[in-house]
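Single-structure report; data block below.
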Amino acid sequence: MNRDDQKPDGSDLDAMAALSALSWQVAMGADEAIADLPLDRYAATAAKAAQPAQSAPSQKPPLTERIRSTPPPAPASTSAKVIGAEEAIADARQAAAACTTLDDLRAALEKFEGCPLKKTATNLVFGDGNPEAGVMFIGEAPGADEDRQGLPFVGVSGQMLDRMLSFIGLDRSRFYITNMLYWRPPGNRTPTDAEVATCLPFLERHIQLINPKVIVLVGNRSAKSLLQTSQGITKLRGKWDAVSIGSIDPPIPALPTLHPAYLLRNAAQKRFAWRDALILRERLNELGLATSPLDTGSDAD
Ligand code: URA
């Protein structure tokens with residue numbers, strides 16, 4: 001046993017147990033160090049609980065008794081439904097419908113308490129880029145970097161998307177980008193249907209306020225949800241379809257494409273994403289939206 005195998009209090013720590021505890025924490029979404037030193041919140045809570053017991057011993061039963069008599073908290077996934085998923089969706093619809101500008105919509109989301117993801121997220125991730133550009137990209141959900149910075153697609157996969165788009169002359173002054181979900185799911189887990197449904201009225205209003213000429217659906221989840229299909233992204237990608245959810249009328253032309261995070265894991269698929277980019281470029285040209293020359297830089301793949 002060496003010094004690294006010891007707890008801060010000097011007792012031995014089994015390396016495998018420490019590793020599995022760490023993997024469990026990462027899986028639960030605690031994937032970021034927020035302080036230089038560990039803080040034992042159990043000790044802090046117990047010390048706090050002990051204080052009032054000393055000053056007013058007759059008023060509160062001992063901590064152990066209180067823990068025993070406290071009903072267990074509802075699991076996180078159902079506690080969101082305590083207010084009722086239906087009710088949260090109705091609230092979202094009402095709040096979104098009242099918004100007439102993007103600033104209104106951002107403020108409405110800042111106030112909205114119906115999506116449980118907000119409780120675990122650091123920041124609201126609303127949108128980035130040029131709302132007047134006529135091109136709107138819609139991804140799935142913010143990751144850790146986006147959550148930290150409050151901006152969509154700023155992490156590794158976002159940087160890759162920007163790089164690919166730069167080859168067809170697009171930068172964030174020439175497109176607008178957002179996600180289906182406005183808060184990061186803990187540990188980047190797949191969003192639940194209830195979370196998607198709760199954010200959808202805001203996204204619908206977001207689309208109406210941006211009023212894009214074309215939408216690019218980035219990744220499987222946003223393509224399936226917004227095209228209301230069970231087909232997967234490998235079937236959908238590269239073919240023009242249209243978004244017509246809710247009150248979006250007339251339907252808006254939409255091009256599904258592969259998610260950059262998927263491309264980072266499957267480099268061979270980049271050629272399909274590049275084809276999609278060229279298909280997009282062609283439509284933008286027809287619409288008079290692409291303004292800079294095609295960059296055929298050799299590191300496109
Ligand atoms: N993936 C997404 O779908 N959206 C982001 O903002 C970042 C990564």
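Each ligand, and each atom within it, is numbered from 1 in the order the structure gives.
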Does R189 form a salt bridge (Lys or Arg N to Asp or Glu O under 4.0 Å) with E195? I'd like the steps, not just the answer.
CA-CA 12 Å; R189 65 158 169 73; E195 288 156 359; 2.7 Å; yes
Mind checking side chain to side chain donor-acceptor pair (under 3.5 Å) for T100 and listing every partner two or more places apart, or none if nothing turns up?
D104
Can you tell me which residues line ligand 1 if we count any heavy atom under 4.0 angstrom from one of its atoms, in chain and number order?
G139, E140, A141, P142, E146, P152, F153, S157, N179, H259
Determine yes or no for a side-chain-to-main-chain donor-acceptor pair under 3.5 angstrom, with Q159 supplying the side chain and V154 the backbone.
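Here the side-chain-to-backbone pair exists.
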Centroid-centroid distance, F202 to F112, less than 6.0 Å:
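Under 6.0 Å, so yes.
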Whether the T122 and D147 side chains hold a donor-acceptor pair (N or O, under 3.5 Å, no angle test) is what I'd like checked.
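There is such a pair between these side chains.
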Consider side chain to side chain contact (heavy atoms under 4.5 Å, CB included). Of D276, V216, T234, L227, which one does P256 pass it with?
L227
